[in-house]
Student: 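Here it is, the structure in full.
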Number of protein chains: 2
Amino acid sequence: MDSSIIDYISQFVKLTDDEAEILSSQNLFRQYEKNEILLAEGKYAKVCYFIIKGCVRSYYIKDGEERNTDFFFENQTIRPVSYQTKQPSEYYLSCLEECIVAIGDEARNRKLVEQIPKLFSLVAKMNEELLLQKQLELDHFKNNNPEERYLNLLENKPEFLDRIPLYHLASYLGITQVSLSRIRSRILNR
Amino acid sequence: MDSSIIDYISQFVKLTDDEAEILSSQNLFRQYEKNEILLAEGKYAKVCYFIIKGCVRSYYIKDGEERNTDFFFENQTIRPVSYQTKQPSEYYLSCLEECIVAIGDEARNRKLVEQIPKLFSLVAKMNEELLLQKQLELDHFKNNNPEERYLNLLENKPEFLDRIPLYHLASYLGITQVSLSRIRSRILNR
DNA sequence: TTAAAAGATTATCAAAAGCTAATAAGCAAC
DNA sequence: GTTGCTTATTAGCTTTTGATAATCTTTTAA
């Protein structure tokens with residue numbers, strides 16, 4: 001049994017042995033191939049994900065082109081917008097690498113929170129933190145040009161550069177692949 | 001007594017008369033002049049705000065220039081990043097107009113949630129919703145050019161155009177004032 | 001090992017944004 | 001009114017990005 005989830009949650013709240021047992025017995029693991037789709041546009045997200053291993057890419061289609069919005073790695077939770085809104089998803093979730101993922105559907109999640117009430121405030125805390133990060137990310141994006149944003153990525157998320165192809169990073173940075181390539185060469189020749 | 005807060009909360013959860021009474025008796029109102037600073041960079045945010053009347057601008061300084069991050073109007077809650085993180089604020093909050101604001105410090109807020117427990121899940125719900133909005137806002141910002149972003153503002157937040165000077169909107173749109181002016185004339189002559 | 005596919009860079013040209021400065025319009029105070 | 005201050009537009013020039021196409025490199029699979 002993989003203990004990633006228990007380890008992850010234990011960073012934030014103390015779990016009793018019973019609670020840890022509940023968690024580890026409840027979780028459902030699945031393996032996905034590279035490029036396999038977890039969630040497609042138009043579908044309803046019935047589940048949340050916790051990545052044990054691998055990398056998941058979130059994107060949507062604008063003018064026929066994929067626009068990447070997020071990349072998720074090990075020990076990250078994916079709670080699709082569609083899971084929250086109960087509306088058809090506007091986003092795709094697709095595996096950038098072969099992935100091992102823990103999956104929780106709504107009934108399972110609700111039952112878990114009933115059995116371990118402290119999970120409720122943990123989720124609230126995590127959402128607060130996520131909200132904060134999104135705010136900072138948006139502010140940064142608005143007030144820095146593409147070159148600054150690329151340098152910021154190099155500095156703060158080097159794993160993105162290691163594991164994600166540049167042509168995917170380009171739309172994540174809000175620019176074209178060609179422009180990103182020019183920025184990189186501009187930085188090199190300086 | 002102003003009933004904005006009660007009315008606002010009642011949209012989301014049913015309040016008993018007792019609970020409404022607790023809320024309306026607890027709240028502290030303050031009036032601020034135009035251009036008065038609610039929170040300055042480097043200060044600790046000890047309180048949250050709920051705007052009864054007026055408009056508050058959030059900004060920070062980059063390269064000596066003000067960069068606007070948000071504008072808050074009537075019936076909006078401001079929960080400063082610094083209030084959440086307990087770190088000195090990187091943002092300013094300043095009144096764009098004369099304002100009437102309800103203020104709640106941490107002790108008061110905590111006590112309120114104790115007396116009216118359903119407020120806890122309300123706040124959690126609101127944070128979820130805010131997170132969703134920020135995600136959409138960020139995605140939109142990344143994948144639309146300045147002209148599209150301006151048109152989107154016209155379409156979806158016309159009150160911004162009515163109540164906020166263009167030179168403040170420019171940095172909110174991630175461009176210069178001059179560029180915004182060009183975009184506007186480009187749209188007109190078409 | 002070789003061919004095909006995927007990923008990255010370079011070149012050219014047009015469109016848009018930044019920078020700076022000048023000008024114009026709107027509005028409040030005297 | 002007219003003076004000053006704030007807000008908005010316009011102009012000239014430079015830099016950057018977008019669009020498209022061609023080329024080069026790396027990875028994958030036969």
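We name chains A, B, ... by the order of the sequence lines, and we start the count at 1 in each one. Below, all heavy atoms of this structure are taken into account, side chains as well, without hydrogens, waters or symmetry copies.
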Student: Does B:R182 reach a base, just sugar-phosphate, or nothing at all? Heavy atoms under 4.0 Å.
Tutor: base

Student: Please determine whether a side-chain nitrogen of the Lys or Arg among A:E148 and B:K62 lies less than 4.0 Å from a carboxylate oxygen of the Asp or Glu.
Tutor: yes

Student: Between A:E137 and A:Q133, is any side-chain donor less than 3.5 angstrom from a side-chain acceptor?
Tutor: no

Student: With a 4.0 Å cut-off, would you call B:K118 and B:E19 a salt bridge?
Tutor: yes

Student: Are B:R163 and B:E74 close enough for a salt bridge, meaning some N to O gap below 4.0 Å?
Tutor: yes

Student: Just by distance, no angles: are the side chains of B:N68 and B:S171 close enough, under 3.5 Å, to form a donor-acceptor pair?
Tutor: yes

Student: When you check the phosphate oxygens OP1 and OP2 of D:dT17, does a side-chain N or O of A:R186 lie under 4.0 Å from one of them?
Tutor: yes

Student: Indicate whether any N or O donor in one side chain lies under 3.5 Å from an N or O acceptor in the other, for A:Y91 and B:D139.
Tutor: yes

Student: Would you mind reading off the bend of the helix from C:dT1-D:dA30 to C:dC30-D:dG1 from its two end axes, five pairs each, to 10 degrees?
Tutor: 40°

Student: Atom CD1 of B:I187 and atom P of D:dT10: how far apart are they, to the nearest Å?
Tutor: 13 Å

Student: Is any side-chain heavy atom of A:L188 closer than 4.5 Å to one of A:R184?
Tutor: no

Student: Do B:K125 and B:F12 form a cation-pi contact, if we require the NZ or CZ to be under 6.0 Å from the six-membered ring centre and within 45 degrees of the ring's axis?
Tutor: no

Student: If the sugar-phosphate is the primed atoms plus P, OP1 and OP2 and the base is the rest, what is the B/S/- string for nucleotides 21-30 of chain C, using protein heavy atoms under 4.0 Å?
Tutor: B---------

Student: Using heavy atoms and a sub-4.0 Å distance, could you list which residues of residues 162-177 of chain A are near DNA chain C? By number, please.
Tutor: A:P165, A:L166, A:Y167, A:Q177

Student: Could you tell me the separation between the CG atom of B:N35 and the C1' atom of D:dT7, rounded to a whole number of Å?
Tutor: 14 Å

Student: Using distance alone, with no hydrogens and no angle criterion, decide if A:N152 and A:K157 have a side-chain donor and acceptor under 3.5 Å apart.
Tutor: no

Student: Contact class for B:S179 vs. all strands (heavy atom < 4.0 Å): base, sugar-phosphate, or nothing?
Tutor: sugar-phosphate

Student: How about A:Y83 and A:D105: do any of their side-chain heavy atoms sit closer than 4.5 Å?
Tutor: no

Student: What integer distance in Å separates A:L161:CG from C:dG7:C1'?
Tutor: 14 Å

Student: OP1 or OP2 of D:dA8 less than 4.0 angstrom from a side-chain nitrogen or oxygen of B:R184, does that happen here?
Tutor: no

Student: Are B:D70 and B:Y59 close enough that a side-chain donor and a side-chain acceptor fall under 3.5 Å?
Tutor: no

